[in-house]
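Report on one structure; see the data block that follows.
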There are 2 protein chains.
Amino acid sequence: MAGRRRQAGVTMQDVAAIAGVSIKTVSNVINGYPYIRPGTKERVEAAIEQLGYRVNLSARNLRQGRTGMIGLAVPELSLPYFAELADSVIRAAERRGVIVLIEQTNASRERELEVLHGQRRHVTDGLIFSPLALGTEDRAAFAVDFPMVLLGERIFGGPADHVTMSNVEAARAATRHLLETGRRRIALIGSHEGETVGSAALRQRGYEQALAEAGLPVDPALLGEAGLWHRSTGAEAMARMLDAGTEVDAVFGLNDALAIGALHVLHARGVTVPDEVAVIGFDDIEDAAYASPPLSSVAPGREQIAQTAVDLLLARIAGTAPDEHVEVITDFAVVPRESTVGAVRPAAAASPVVA
Amino acid sequence: MAGRRRQAGVTMQDVAAIAGVSIKTVSNVINGYPYIRPGTKERVEAAIEQLGYRVNLSARNLRQGRTGMIGLAVPELSLPYFAELADSVIRAAERRGVIVLIEQTNASRERELEVLHGQRRHVTDGLIFSPLALGTEDRAAFAVDFPMVLLGERIFGGPADHVTMSNVEAARAATRHLLETGRRRIALIGSHEGETVGSAALRQRGYEQALAEAGLPVDPALLGEAGLWHRSTGAEAMARMLDAGTEVDAVFGLNDALAIGALHVLHARGVTVPDEVAVIGFDDIEDAAYASPPLSSVAPGREQIAQTAVDLLLARIAGTAPDEHVEVITDFAVVPRESTVGAVRPAAAASPVVA
DNA sequence: TTGTAGGCGTTATCAG
DNA sequence: CTGATAACGCCTACAA
């Protein structure tokens with residue numbers, strides 16, 4: 001415990017002096033340079049321990065031109081999906097010895113552009129970016145000169161690396177699941193009219209494909225607009241649809257928050273789920289399993305997305321990634337719960353998905 | 001758009017050369033030094049714009065001995081309360097021009113100690129720490145020689161700055177709320193047997209005080225243990241209590257996740273809420289308003305906690321905080337919703353709490 | 001196997 | 001008001 005209090009201000013010089021070696025040798029020890037005489041190494045390590053020395057990362061970064069940190073830009077952490085994603089990314093980065101710095105864009109165009117070109121960019125070696133407000137019309141803005149990996153298909157075929165699951169196929173699978181339980185009037189909550197490349201558009205495309213396969217038309221009355229995918233907007237869209245007297249026997253929420261909002265309204269109006277209306281969401285956030293009734297959903301393989309994105313970004317930073325831009329498609333799975341298939345068991349715990 | 005591509009590598013030297021001034025003048029402009037001739041300032045700003053220059057933070061930090069970043073250590077972002085807290089802290093820090101670096105401790109003792117003494121500590125100027133696993137027995141570990149603000153009362157009267165709401169009073173208010181609706185058999189979900197200073201102990205104390213005021217005894221059968229405050233553990237505790245045949249007419253979940261887990265079990269067993277059993281949680285996370293039925297809760301003033309903690313930490317870093325350790329108690333409010341007071345209105349949106 | 005010199009981009013000091 | 005110059009702490013040559 002002796003001299004270990006004040007590590008602030010302890011420099012390699014001090015360590016070198018105590019150990020009776022040069023500063024370079026200390027540096028070598030710290031960086032794991034192999035050719036050091038064991039005795040020397042020991043003395044250096046003892047000195048480091050004694051002084052409580054830590055490398056000054058600012059200095060190292062300045063010298064090396066790297067920071068050892070990567071950025072993660074998401075709309076907001078209050079949205080459970082992004083909180084869980086951030087959790088996974090932080091863990092994945094940690095496994096690679098890298099620190100994550102989170103930025104919230106609030107899904108605002110301005111903030112998202114700032115993330116790409118602003119000041120903060122310089123604190124990190126690269127960026128994992130889940131854009132929401134920016135679209136194909138902003139393609140040019142994504143042509144950045146630093147390592148970046150995009151999450152989601154918002155900028156389809158854009159000028160950057162991509163990690164995403166297949167929104168179209170996953171949405172088709174979810175819709176099929178509803179069709180298989182005999183539903184025919186399936187509402188879509190969260191559509192973005194006029195959009196062509198965002199998650200909303202892609203998921204809606206999957207929905208339409210599944211309907212087409214079943215020989216069903218797409219009824220515009222069943223498309224519930226919701227700009228932001230929050231619980232509140234899901235509730236509002238659902239309410240509007242019911243108020244309009246639209247006949248509905250199932251709901252596909254384009255994410256779980258929307259679906260939970262819809263559930264909430266159904267519940268408030270005395271509509272039974274899944275007897276009268278079945279509900280499925282998307283993202284499989286933890287909430288889903290604890291909704292009443294437990295919400296069926298589509299699990300996007302969060303862990304896989306996170307680790308893949310981190311590794312791809314680090315490869316890009318290290319310069320070991322392929323020259324052309326990479327697009328990785330990850331797996332997904334439909335997770336049926338009571339909201340579509342009815343009570344399966346009277347268990348206390350909600351589902352096998354929760355750890 | 002001309003020369004704005006390659007900002008990497010643009011230095012003050014370059015800006016100074018273009019603007020025809022010395023490097024120091026550029027520095028002055030950037031740092032808002034007041035005594036600069038307007039013409040000079042303009043030329044410098046034009047050069048900065050033209051080259052797309054950004055200060056190199058590593059260099060600045062090295063020079064200034066600061067990093068411009070603060071750490072935020074929480075158990076995990078998957079827990080909605082901490083995700084929302086992180087959201088608020090990031091925003092609060094942003095308002096002060098500071099970057100936040102999040103660390104997840106997984107509520108493990110080892111990880112929490114690492115946060116206090118590990119390598120990463122040196123990337124930040126200070127730490128906002130919400131400990132869970134460490135208790136009074138670890139008091140010594142909290143005697144750190146860097147700026148730190150603790151959230152929550154876990155280390156009561158410990159050797160560090162504190163920001164917290166009054167757990168005891170808030171819990172008492174929540175319990176009173178249940179008593180006022182005529183409940184008498186109030187289950188407590190999330191208790192930690194033997195604990196004396198943690199959130200569990202404090203909130204339980206408030207519960208006991210409220211019961212005492214109402215002339216009611218504390219029935220051990222109504223105390224539901226739950227180590228981790230997750231939805232799943234809340235569900236399990238509730239299920240155990242019901243399985244044991246304990247008579248219950250209300251539930252106080254020590255946080256919302258526990259309460260939501262309990263709701264889930266009640267729902268699965270056909271117990272009506274709030275008719276047969278009223279339920280209230282704690283934290284007022286966004287989920288609460290969208291539970292079925294909407295969950296009453298205690299709002300801890302998250303924004304206030306976040307901003308206060310950030311400001312206190314920055315004051316500590318700047319050396320402007322008082323010598324002795326500060327303890328700030330923030331406000332709280334009971335938010336009644338359907339889970340305790342029954343259906344109030346058939347609205348689509350769930351509550352005024354959601355933005 | 002270890003030491004020496006130099007510079008990464010900023011800001012602070014001190015002249016001018 | 002502005003300019004030269006010296007650190008900040010580290011790492012990469014290059015020498016020894």
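Letters A, B, ... are given to chains in the order of the sequence lines, protein chains preceding strands, and every chain is numbered from 1.
When every heavy atom of A:V10 is checked against every heavy atom of A:D14, the shortest pair comes out as CA-OD2, 3.5 Å. Shortest non-hydrogen contact noted between B:P300 and B:M165 is CB-SD, 3.6 Å. When all heavy atoms of B:S130 and B:P75 are compared, the pair lying nearest together is O-CD, 3.8 Å.
In this structure, the helix from C:dT1-D:dA16 to C:dG16-D:dC1 shows an angle of 30° between the axis at its start and the axis at its end, each fitted on 5 base pairs and rounded to 10°.
Under the 3.5 Å distance criterion, with hydrogens and angles disregarded, a donor-acceptor pair is assigned to the side chains of B:E303 and B:S88.
Nucleotides of DNA chain C lying under 4.0 Å from heavy atoms of chain A occupy a range whose first and last members, 5' to 3', are C:dT1 to C:dG9.
Considering CG of A:L79 and CD of B:E84, their distance stands at 10.0 Å, rounded to 0.5 Å.
Straight-line distance from the CE atom of A:M12 to the C1' atom of D:dC11: 8 Å, rounded to whole Å. Atom CZ of A:R54 and atom C1' of D:dC8 are 20 Å apart (whole Å). Whole-Å rounding puts the A:N61 CG to D:dC11 P distance at 10 Å. Rounded to a whole Å, the CD atom of A:Q64 is 10 Å from the C1' atom of D:dT12.
Counting atom types as modelled, B:R63 pairs no side-chain N or O with a base atom of D:dC8 as donor and acceptor under 3.5 Å.
If you check every strand for non-hydrogen atoms under 4.0 Å, B:T40 touches sugar and phosphate atoms only. Within the 4.0 angstrom heavy-atom criterion, only backbone atoms of the sugar-phosphate kind lie near A:I36; the bases stay farther away.
A heavy-atom distance below 4.0 Å to DNA chain C is reached by these residues of residues 19-33 of chain A, ordered by number: A:V21, A:S22, A:K24, A:T25, A:Y33.
Ranked by how close their nearest DNA chain D nucleotide is to the 5' end, A:A59 and B:K41 are led by B:K41.
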